[in-house]
Structures are given as structure tokens and as C-alpha cells.
Amino acid sequence: MTSKIVPVIMAGGKGTRLWPLSRASAPKQFLEFLGEATLFQKTLARVADAALYAPPIVVTNNDFRFLVAEQARAADVALTSILLEPVARNTAPALAVAAIVIARQFGEQAVMQVLASDHEIDANDVYFDCIAKAQAAAEAGRLVTFGITPSEPATGYGYIEIGEDLGNGANAVRRFVEKPDRDRATAMLAAGGYLWNSGMFMLPVGLFLRELRQYAPEVLDAASEAVAKAQHDLDFERLDEEAFARAPDISVDYAIFEKTPIAAVVPSPITWSDLGSWDSVWKTGKQDDAGNVADGSTTVLDTRNSLVISRDIHVAVQGLDNIAVIASEDAVYVGRMEDSQNVGKLVKHLAALPKTAKLTETHPTAYRPWGGYTSVLNGERFQVKRLFVTPGKRLSLQKHHHRSEHWIVVRGTAEVTIGDKTIPLRENESVYIPQGELHRLANPGKILLELIEVQTGSYLGEDDIIRIEDEFGRG
């Protein structure tokens, strides 16, 4: 009997290939590229049909936990759970943990669909037809992957060679092919019978766990102990670090799919991209008559086949061809479109230099479970920030040893606690927080609260925060 699919959304990653918009602290799945929703929120939307799907499980890490929770809340999507990996261990351990949790909550007869949180997919009737075929193949006893119909001899993807027809839209997997060079990819497309490996799966939970026991017992043992010793923390499940760290760092492709005799692939002629480079963003965007994709504060003149994105400053591009120009708050990338596959090398170079390493790690805008802040201006003994607080949220009750703060409300209504007093603060009103004084900021209203914060003192680092009370479990 067909039951609801349990989605498992993978939401980790380092965020290097789409620099400077993506950073280590804010990878691409949590950013808006060419639309109002993030890739993670678009993934949530694809599994929002309550008749087909159970609430999803998200596998992420400690750094992204509040981004996951807040973006799911903003998308009005309930989650079954958020599993926090204490260390990165690739997809096999992550999926093993998810399967164990699903077996415990839904039973081993459940089917789980594995989705990356950073793919762009046109979720039309063809897509959901492929989902139905994969679910049927999984319920018939197959470990199923989705194979994307190739549109070009791409070298950035792995390939799957199709085997015998299993009926109902699925085929056996003959073999997996690692990312080929251009000549080999061209030859495979000419020969036919090859698909791109999408990294999406449909897995019968009990059967997947048995294949893990057969082919990757070290992975299963570590995952089982990590789940058994997990700690519940607010809306999150923290996997046991010592146990999870013992899991081999291995993908599910290597650990299971290349060994099992029951692998199947559903050929999927869908519009799909892993958005792994700026040229792939350009290909998926809406191009004008000259082949340009422009987004944000931009002007493009006498330019062809180019991608121009700016989030804050205005960027004007004139007289160029086949160029990517990407401007964030504090960095600008300019390169030929064909070189955009190599942005990761540039990021490694920047990360190795003390003056530019921070540009690869964080944005001037940092997100917190209560909202976030943007660093506007820094100087000797002072710093200016824009704070934004989500309706109904409040910061920790805290104090600072080395700085004082001035808050000016520019939008919304604030509730400010200073010592043993709590006062309302409205637009164009301000307050002073002396060094060492206990204080707290809250947004009791129904719209976003925005303030300008001016910090003054001998040390202005983020680690000069002594939290007395915090509803988000931070020390």
C-alpha cells in the first residue's frame, strides 16, 4: 500500500562556488538568487503537498540551524525534525542517520526521498510523474536515483549508464561514471544511454538500512550510536559528536549505489540544475534579447550573453560579452563565463591571505535566530550596525565588558530592558546602554523592527557578549 513519502533535505555545504554571494556562513541554498524565495525554500515548496509527503526532515549543521528553522517558518512549512551533524561526513552517514530516524518514527516500510537543498528544479507535471515512478520502483524493492536527461556534454556532473528496463519507467543501473573530460562526455552523449547523476534518491528505508549493513557497516554502526545518544535542543536533534565522527567520510554513491545489485534509475527529462557555477545560474535565468540575465541594482548596455547581479551597489556594465559580474555588499567578482567553474580556486586563494580570508567566510550581514545585523561602518573604538528583529522575537539578556551601545529605532516598535526597567521605544526614539549594564532588545510588534546601533569602546568583537538568559540555547 502506498503511503506518504518522507522527504530528507540535505542542507549543509561550504558555499564557495557562487562567491561572493555565497560564503561559508551563508551557502547558496539560503540565498535569493533570481527570485524572492531561497533555493532551500523552493525545495520545501516541492514537498509541501500533504497528500503526497510527510513533513520533511532536514539534515544540516550547527552553523545553519537557525537559518533552516527561520526559513522554514517564513515559508510556512512544518518540519518533522532538524538533524544537526556535529562534523561533516558526506552523504552516506547523513542518509544513514535520516533512515534510522524515519524507521523509528514512521516504520521501516516508509520510503524516503532525498533532495539537495540547493538545486533549481521546474516542479511541473513531468517532475511529479518522475516522483511517482521512483516511488513505485522503491516500493517494489529498488534503491532509486534520478537520472537527468543531458542537454550538453557537461564535465561537472557524474553520469549513469542505463541498464535493462525494469518497467513502469525505471531502469537498472549498469554503472556509474565519474565526472568525465569533455571528449569522453561528448562520446557518451553520442552513444546514448547515459544520464546525469542528479544526487536525488528514492529509498525504501528498511531495505536501505539492510544494504548499509551489508556494504557499509561502519557507517551504519556510527550513525546508529549517534542517533541513540542524540540530544534534543529546542527544535533540533544534536547527533552525538564522538559517535558520528567515527563514520567514514564517504558518499552514498560509493558506499552503496556502486555496490548494490538493486540500484535503479528513473530517467527524468526535467529542467534541473545544481547551480554549481555562475554560468549555470545564467543558463537558468530569464535572458533578455541579447542573452543577458540581470538582477538587482544593475544597468546593462551594449552587452551580450552575460550575467550581472548586484545586491547593494549599482553596477553598470557596458560593451562586454560572455562576462559574469557579481556584486555583494563587500566584494565584486568579474570573470569570463567559461571560467566561472573555477571560482572555487579563487576562493581558496582569497582564504589563504590574511587580508581577504574574512571575505570567504562571512557577509557584512549576519543572520541570527532573532533576525540579524549588517555591519555598516567600522573605525577605531567605534562600530555602526543595522539591527533587524523579527516580529515576536527577542535577543538574549546580556551585557558587555568593553563597550557601550546607542540604539536608534528607524522602523517598528522596540521593547528595551535596561537593568530592572523595561521601556517601549518607537520610531525616531533612542536609548543608551552603559558598559556592563544588563540589557535586552525585543520586537513586540507585527512588523520587522529596524534599529541603528552605535557601539563605542576598547573592544568591539562579537565574543564580548555575556548571555544571562537566552531562549535559543546559546551560552
Side-chain angles (χ1 to χ4, degrees), residues 13 15 17-22 26-48 71 74-75 115-130 146 148-154 156-157 196 198-200 268-329 331-343 363:
R17 293 188 293 172
L18 294 183
W19 185 87
L21 293 192
S22 69
K28 62 181 177 178
Q29 62 263 32
F30 300 119
L31 304 177
E32 296 174 8
F33 281 105
L34 302 174
E36 295 183 355
T38 68
L39 293 173
F40 174 63
Q41 289 173 321
K42 291 180 181 180
T43 306
L44 291 174
R46 290 197 296 274
V47 296
Q71 291 199 2
L115 307 97
S117 61
D118 58 357
H119 291 179
E120 183 72 55
I121 295 173
D122 184 5
N124 55 19
D125 290 343
V126 175
Y127 170 79
F128 283 106
D129 182 58
C130 294
F146 293 81
I148 306 299
T149 304
S151 59
E152 60 179 316
Y157 305 136
W196 288 339
S198 70
M200 300 186 295
S268 304
I270 63 176
T271 302
W272 168 92
S273 175
D274 72 345
L275 293 184
S277 61
W278 286 120
D279 68 322
S280 63
V281 174
W282 171 72
K283 290 173 183 175
T284 60
K286 185 177 181 181
Q287 299 178 10
D288 63 18
D289 292 341
N292 300 311
V293 175
D295 187 63
S297 185
T298 61
T299 298
V300 180
L301 186 66
D302 297 331
T303 294
R304 298 179 59 82
N305 304 317
S306 294
L307 174 68
V308 184
I309 299 176
S310 180
R311 287 291 173 262
D312 291 278
I313 62 173
H314 193 88
V315 171
V317 177
Q318 182 178 15
L320 297 177
D321 186 19
N322 201 35
I323 292 292
V325 181
I326 315 298
S328 69
E329 299 156 294
V332 179
Y333 168 77
V334 181
R336 292 174 300 189
M337 199 75 77
E338 61 264 29
D339 291 334
S340 65
Q341 292 276 356
N342 299 318
V343 169
H363 281 284

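Contact check for Met200 versus Ile121: side-chain heavy atoms found under the 4.5 Å cut-off. Looking at heavy atoms from C-beta onward, Leu39 lies in side-chain contact with Leu275 at the 4.5 angstrom threshold. The side-chain heavy atoms of Tyr333 and Val343, taken from C-beta on, include a pair separated by under 4.5 Å. In this structure, Arg17 and Ser277 have side chains that are not in contact, with every pair of non-hydrogen atoms separated by 4.5 Å or more. Within the 4.5 Å cutoff, side-chain heavy atoms of Asn322 are placed close to those of Glu338. Under the 4.5 Å side-chain criterion, counting only non-hydrogen atoms from C-beta, Val281 is not in contact with Asp279. Between Pro27 and Asp118 there is no side-chain heavy-atom pair separated by less than 4.5 Å. Taking the side chain as every heavy atom from C-beta outward, Ile323 and Met337 never approach each other to under 4.5 Å.
For the atom pair CG of Asp129 and CD1 of Ile270, the computed distance is 11.0 Å after rounding to the nearest 0.5 Å. Taken from OG in Ser328 to NE2 in His363, the straight-line distance is 6.0 Å, to the nearest 0.5 Å.
No donor-acceptor pair closer than 3.5 Å links the side chain of Thr298 to the backbone N or O of Ala294. The backbone N or O of Gly291 lies less than 3.5 Å from a partner atom in the side chain of Trp282, making a donor-acceptor pair. In terms of modelled atom types and a separation under 3.5 Å, the side chain of Ser306 and the main chain of Arg304 share a donor-acceptor contact. Not one N or O on the side chain of Ser280 forms a donor-acceptor pair closer than 3.5 Å with the backbone of Trp278. Formation of a donor-acceptor pair under 3.5 Å by the Ser340 side chain with backbone atoms of Arg336 is not found in this model. Listed for the Ser268 side chain is no donor-acceptor partner under 3.5 Å among the backbone atoms of Ile148. No donor-acceptor pair under 3.5 Å is formed between the side chain of Glu329 and the backbone N or O of Arg311. Proximity of a side-chain donor or acceptor of Ser198 to a complementary backbone N or O of Phe146 within less than 3.5 Å is detected.
Remark: of the listed residues Ile326, Asp295, Val300, Ile326 is the sole one forming a side chain to side chain contact (heavy atoms under 4.5 Å, CB included) with Leu307.
In terms of heavy-atom proximity, Leu44 sits nearest to Ala75 at CD1-CB, 4.4 Å. Residues Asn305 and Asn292 come closest through the heavy atom pair N-OD1, 3.1 Å. The two atoms that bring Ala116 and Arg46 nearest to each other are O-NH2, 4.3 Å, heavy atoms only. When every heavy atom of Lys42 is checked against every heavy atom of Ala37, the shortest pair comes out as CE-O, 3.9 Å. Of all the heavy atoms in Pro269 and Thr149, the pair that sits closest is CA-OG1, 3.3 Å. The shortest heavy-atom contact between Ala74 and Gln41 is CB-NE2, 3.8 Å.
For Asn124, the CG atom is densely surrounded, since the number of other residues' heavy atoms within 6.0 Å is greater than 12.
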Do Gln71 and Thr38 pass the side-chain hydrogen bond (donor to acceptor under 3.5 Å, both in side chains) test, and can you show the C-alpha distance, the side-chain angles, and the key distance before you say yes or no? CA-CA 8 Å; Gln71 291 199 2; Thr38 68; 2.8 Å; yes
Worked verdict on Trp196 versus Ser151 for side chain to side chain contact (heavy atoms under 4.5 Å, CB included): CA-CA 9 Å; Trp196 288 339; Ser151 59; 3.4 Å; yes
Could you walk me through whether Thr299 and Val317 pass the side chain to side chain contact (heavy atoms under 4.5 Å, CB included) test, one step at a time? CA-CA 6 Å; Thr299 298; Val317 177; over 6 Å; no
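With sequence neighbours excluded, the residues that form a side-chain hydrogen bond (donor to acceptor under 3.5 Å, both in side chains) with His119 are Trp272.
In summary, Glu152 and Lys283 engage in a salt bridge, as defined by a charged side-chain N under 4.0 Å from a carboxylate O.
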